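One structure below.
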Amino acid sequence: MSGTNGTHSGGPDPCVMVLFGASGDLTHRKLIPALFEASRRGWLPERFALVGVSRTAMTDDEFRERVWPTEKGKRIDAKEWGEFAQRLHYFAGDAGDPAMYAALDTHLGGIGVKSGVSAPGCSPNILFYLSVAPELYEPIIGCIGESGLVTEGRRWCSINPGAAPWQRIIVEKPFGSDLASAESLNRALGRVFEEDAIYRIDHYLGKELVQDILVLRFANSIFEPVWNRGHIDHVQVTAAETLGVGTRAGFYDHAGALRDMVQSHLMQVASLVAIEPPSEYNAAAIMRERIKLFSSAVPIPRERAPEWAALGRYGAGPDGPAYVNEKGVDPARGTETFAAMRVEFQNWRWSGVPFYLRSGKRLAAKVTEVVIQFNRPPTNIFRRLGPGAEPEDGNRLVIHVAPGEGLSLMVYGKVPGQEMRIAHTELELDYTERFGGEALEAYGPLLVDAMRGDRTLYKHRDEVEGSWRICQPLLESRRLHGAIEEYAPGSWGPRGADELLSRDGRKWHNPGGQPDGAGA
Ligand SMILES: NC(=O)c1ccc[n+]([C@@H]2O[C@H](COP(=O)([O-])OP(=O)(O)OC[C@H]3O[C@@H](n4cnc5c(N)ncnc54)[C@H](OP(=O)(O)O)[C@@H]3O)[C@@H](O)[C@H]2O)c1
């Protein structure tokens, strides 16, 4: 059971996970492999079962066959898989139909007893997971509420709260498509679940190095004194992909880069760079800081949205058609595949320091990184020594999130020799090389956290609404969406993105030494 701070130091509780969307892509590609890996590492509770729910008729064995994961192109060893697969069960039904839930309840009771999660006549702990289309979230939450499956357990505090079963729910992204829909979804959740039973997943927060940002900032004492407007010129967060929309056009065309990446993942990454020191590493303290930060964002005036953001869409290239000609894309929607925006936090630490966020498809490199650009030295004492003896810029700390998790710090040094020449170089730290270990898919640890009642890496209601509030004027701006530029695949996006920074006298740090301003 979790403490009042939402962070749990113990192991995961026995539970039955009810996975809505069991026949879908996310289940097969991410969730089952993540659970299997967690089981292999001994992270899952000993008493655990999963009940997959979707409409397709399947037996338990057919479901197990369908979700059997592969490793390096080959199916997982049958013996290893078979043992784990025995924990997987299937229940066919329409999750939007309230009538289904009585039978599901009975089924869960049976599975709970069979798997040792609960005693006969008692309800098991239940972890719901919504891995269905977002339109189904509210109907399913409503049905769960009406079904009586949520017993409120600890909510009205029985004498021994630990003895009552819990019910928690993990909600996949997208969490709303704008501020109003996110608020509506939060209200729907709040009618059925307590806030501390709601797990809004953002798998970016499960990525190692995103957590490492907090360790870097708060386990070291050398960074925090310079981590502010006095020393930092600006911050960049980039998440770039080389691939196009692929087979996910149906989903992506309704979302676009601003909703799919910037509002959710990049805003969260930026928040970890920008929050004040939490009192402790726990969910409640970190969430409080993130909420406070988002509420300090300078509101973007809708009529001036093009000064705060730039949108783009990839054109045709050797690797595929232009976005508008991709299968499943409706050109009339005018969806963007690239978004860059500026965010400013008006607080004592960051006032006047812009955060530039950008993300796009079919860009020059697959990379996710955070760049902390420090100020130039206040004066250049080498100026009289002529060319070659002048630092070009301030120091730059790059936090590599993926691929290759690590840090590089750009510093200047004297080139050995008679002449006074200054050159920049990178101090590199590769986390895996240095510390060993391996990067894990984010889903496994996040799922286990939910079973432990630890929400540290999940999002609070107010955070989600806070980040939508920041982006809402951009979503509503006709001028911004009317000015979507086409960019060349393999470039770093549209010219407008470069102009967003050049207007401020800055430029993007493009990893891999690609030229700046490679617009179409
Ligand atoms: N795929 C990804 O990589 C990814 C990444 C991040 C987030 N997400 C999010 O995760 C969710 C699922 O994505 P997905 O790609 O797995 O979608 P998907 O492949 O289309 O799967 C949707 C699932 O929902 C089930 N379903 C549809 N209507 C149902 C109903 N009335 N009752 C019960 N089950 C129903 C479908 O099964 P039946 O047709 O058999 O009912 C299927 O199992 C979406 O919200 C998506 O945005 C996906």
Side-chain angles (χ1 to χ4, degrees), residues 17-35 50-60 62-67 69 88-101 103-104 107-108 128-144 146-147 149 169-178 181-182 185 188-189 199-207 239 241 243-266 268 328 335 359 361 368 441-444 446-447 458-459 464:
M17 179 169 165
V18 177
L19 175 54
F20 293 103
S23 61
D25 176 67
L26 187 70
T27 297
H28 184 199
R29 277 195 316 109
K30 300 276 184 192
L31 301 177
I32 297 293
L35 286 166
L50 177 142
V51 176
V53 180
S54 47
R55 293 165 305 177
T56 306
M58 275 187 276
T59 62
D60 284 355
E62 283 164 346
F63 174 55
R64 292 163 185 161
E65 181 74 20
R66 182 178 180 130
V67 296
L88 309 182
H89 307 269
Y90 186 74
F91 184 88
D94 178 352
D97 175 9
M100 182 202 80
Y101 286 78
L104 178 64
H107 193 65
L108 292 180
F128 296 103
Y129 196 117
L130 297 185
S131 177
V132 290
E135 308 83 77
L136 281 171
Y137 291 175
E138 289 196 33
I140 293 179
I141 294 161
C143 287
I144 294 174
E146 281 173 35
S147 71
L149 276 166
I169 185 164
I170 302 182
V171 186
E172 250 308 329
K173 81 164 212 182
F175 199 94
S177 55
D178 57 13
S181 54
L185 180 51
L189 282 163
Y199 291 71
R200 299 171 188 83
I201 200 163
D202 184 336
H203 65 272
Y204 252 64
L205 288 180
K207 286 190 191 290
E241 288 179 68
L243 296 178
V245 75
T247 54
R248 299 199 69 222
F251 157 76
Y252 192 84
D253 205 36
H254 288 81
L258 195 53
R259 287 186 170 89
D260 187 42
M261 291 296 295
V262 178
Q263 177 277 330
S264 50
H265 305 315
L266 299 199
Q268 286 298 322
T335 302
S359 179
K361 291 190 178 290
T368 303
E441 264 285 348
Y443 273 106
L446 287 172
L447 287 170
Y458 287 86
K459 298 196 273 193
V464 173

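Because the structure is a prediction, the values reported are computed rather than measured. Both backbone and side-chain heavy atoms feed into the values below; hydrogens, waters and symmetry mates do not. If you read the sequence from its start, that first residue is 1, and numbering goes on from there. Atoms within a ligand are numbered from 1 in the order they appear, just like the ligands themselves.
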For the side chain of Tyr199 and the backbone of Lys459, is there at least one donor-acceptor N/O pair under 3.5 Å apart?
->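 Flag not set: sc Tyr199 to bb Lys459 has no pair under 3.5 Å.
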Is a side-chain donor or acceptor of Tyr90 paired with a backbone partner of Ser54 at a separation under 3.5 angstrom?
->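 At least one qualifying donor-acceptor pair exists.
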Quick one: do the Glu172 and Tyr137 side chains pair a donor with an acceptor below 3.5 Å?
->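 Judged by distance alone, the side chains do not pair up.
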Please determine if Asp260 and Lys173 form a salt bridge, counting it only when a charged side-chain N lies under 4.0 Å from a carboxylate O.
->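 A salt bridge links Asp260 with Lys173.
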Does NE2 in His254 sit with more than 12 non-hydrogen atoms of other residues, nucleotides or ligands closer than 6.0 Å?
->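 Counting other residues, nucleotides and ligands, NE2 of His254 stays at 12 neighbours or fewer.
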Given Ile169, Leu19, Ile141, the one that forms side chain to side chain contact (heavy atoms under 4.5 Å, CB included) with Phe128 =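 When Ile169, Leu19, Ile141 are each tested with Phe128, the side chain to side chain contact (heavy atoms under 4.5 Å, CB included) holds only for Ile169.
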Proximal protein residues to ligand 1, non-hydrogen atoms under 4.0 angstrom =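 Residues near ligand 1: Gly21, Ala22, Ser23, Gly24, Asp25, Leu26, Arg29, Ser54, Arg55, Thr56, Gly93, Asp94, Ala95, Ser131, Val132, Pro134, Leu136, Tyr137, Glu172, Lys173, Pro174, Arg248, Phe251.
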